[in-house]
Student: 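One structure follows; several queries about it will come next.
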Amino acid sequence: MELEGLKRGLDFLSQQDIQGGSLVTDRHRESSTLFSLYGVHILNVFNVSYCIPGVSKKIDKIAKKSCSEAGKWSKSISNHLYWVAASTTDGDSDMTLAKWLSVANHIQDIHDHETDFP
């Protein structure tokens, strides 16, 4: 259903000769494929709300298999991911990556970073 809506939306945009910059979608794999099939040059950005459950599941899996301590950090890591997305609204990929990687320091109780975050 959602993929059909995206197809119709892309059809409409191409008929109106409207050029887009970016589009926020869920993590549906066919969405990215659809952009290339339509020849549309749109940056496909994932809504962080759809990414967080996947990250939480992976952390829980690690906690069950090999590192029980990781489970204690699941909620904090999810919150950190949301903060990264919410606080980096200008699309600066270097800053986004630096903020995301800083979670490893937080887990180790290190709060001095090489990059200054706004």
Side-chain angles (χ1 to χ4, degrees):
M1 179 71 94
E2 294 166 357
L3 190 59
E4 182 61 28
L6 180 59
K7 287 178 184 177
R8 291 179 185 186
L10 290 174
D11 282 337
F12 176 78
L13 292 174
S14 65
Q15 289 170 2
Q16 301 297 318
D17 197 31
I18 297 173
Q19 300 294 322
S22 63
L23 180 66
V24 179
T25 64
D26 60 5
R27 293 175 50 199
H28 205 277
R29 290 183 183 182
E30 281 83 11
S31 298
S32 300
T33 305
L34 206 57
F35 292 138
S36 61
L37 291 175
Y38 275 77
V40 180
H41 301 289
I42 297 176
L43 174 63
N44 185 20
V45 181
F46 295 131
N47 183 333
V48 73
S49 299
Y50 292 100
C51 298
I52 289 174
V55 170
S56 294
K57 286 180 185 179
K58 288 179 177 139
I59 293 168
D60 293 342
K61 191 174 185 179
I62 290 169
K64 287 178 185 174
K65 280 189 171 183
S66 59
C67 182
S68 61
E69 290 294 313
K72 296 175 184 176
W73 284 94
S74 182
K75 183 70 174 166
S76 296
I77 292 170
S78 296
N79 288 341
H80 185 79
L81 177 57
Y82 183 80
W83 169 78
V84 169
S87 67
T88 318
T89 57
D90 63 355
D92 183 350
S93 59
D94 292 334
M95 181 60 72
T96 302
L97 180 61
K99 286 180 179 180
W100 173 241
L101 294 177
S102 73
V103 75
N105 287 344
H106 288 296
I107 291 171
Q108 299 173 65
D109 201 24
I110 300 170
H111 302 287
D112 295 322
H113 308 284
E114 293 177 16
T115 307
D116 290 329
F117 304 131

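Positions are given from 1 along the sequence.
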Student: Apply salt bridge (Lys or Arg N to Asp or Glu O under 4.0 Å) to K57 and list each qualifying residue two or more places apart in sequence or on a separate chain.
Tutor: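 Once residues adjacent in sequence are excluded, K57 has no partner under the salt bridge (Lys or Arg N to Asp or Glu O under 4.0 Å) criterion.
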Student: Looking only at atom types and distance, does a side-chain atom of H106 sit under 3.5 Å from a main-chain N or O of I77, one as donor and one as acceptor?
Tutor: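 The answer is no, because no donor-acceptor pair under 3.5 Å joins these two groups.
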Student: Test of understanding: clusters of I, L, V, M, F, W, Y form through side-chain heavy atoms closer than 4.5 Å, transitively. Do I59 and I62 belong to the same one?
Tutor: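 Per the 4.5 Å side-chain linkage, I59 and I62 are not co-clustered.
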Student: Just verifying a value: how many Å separate T96 OG1 and L81 CG, rounded to the nearest 0.5 Å?
Tutor: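 Going from the OG1 atom of T96 to the CG atom of L81 covers 10.5 Å.
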Student: Starting at NZ of K7, measure out to CG of D11 and round the result to the nearest 0.5 Å.
Tutor: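 Answer for the NZ-CG pair, K7 versus D11, is 9.5 Å.
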Student: Using side chain to side chain contact (heavy atoms under 4.5 Å, CB included) as the criterion, list what pairs up with S76, not counting sequence neighbours.
Tutor: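 Side chain to side chain contact (heavy atoms under 4.5 Å, CB included) check on S76 returns W73.
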Student: Side chain to side chain contact (heavy atoms under 4.5 Å, CB included) with L101: which residues, sequence neighbours excluded?
Tutor: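 L97.
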Student: Would you name the heavy atoms of Y82 and V48 that are closest together and state the gap between them?
Tutor: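 Shortest heavy-atom separation between Y82 and V48 comes out as CD1-CG1, 3.8 Å.
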Student: Which residues satisfy the side chain to side chain donor-acceptor pair (under 3.5 Å) test with S56, sequence neighbours excluded?
Tutor: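 S56: side chain to side chain donor-acceptor pair (under 3.5 Å) contacts with S78.
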Student: M95 versus S87: any side-chain heavy-atom pair under 4.5 Å?
Tutor: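 Of all side-chain heavy-atom pairs linking S87 with M95, none is under 4.5 Å.
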Student: Taking only residues two or more places apart in sequence or in another chain, which ones pass side chain to side chain donor-acceptor pair (under 3.5 Å) with Q16?
Tutor: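 If we apply the side chain to side chain donor-acceptor pair (under 3.5 Å) test to Q16, skipping adjacent residues, there are no hits.
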Student: Quick one: side chain to side chain donor-acceptor pair (under 3.5 Å) partners of K72, sequence neighbours excluded?
Tutor: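 For K72, the residues satisfying side chain to side chain donor-acceptor pair (under 3.5 Å) (neighbours in sequence not counted) are E69.
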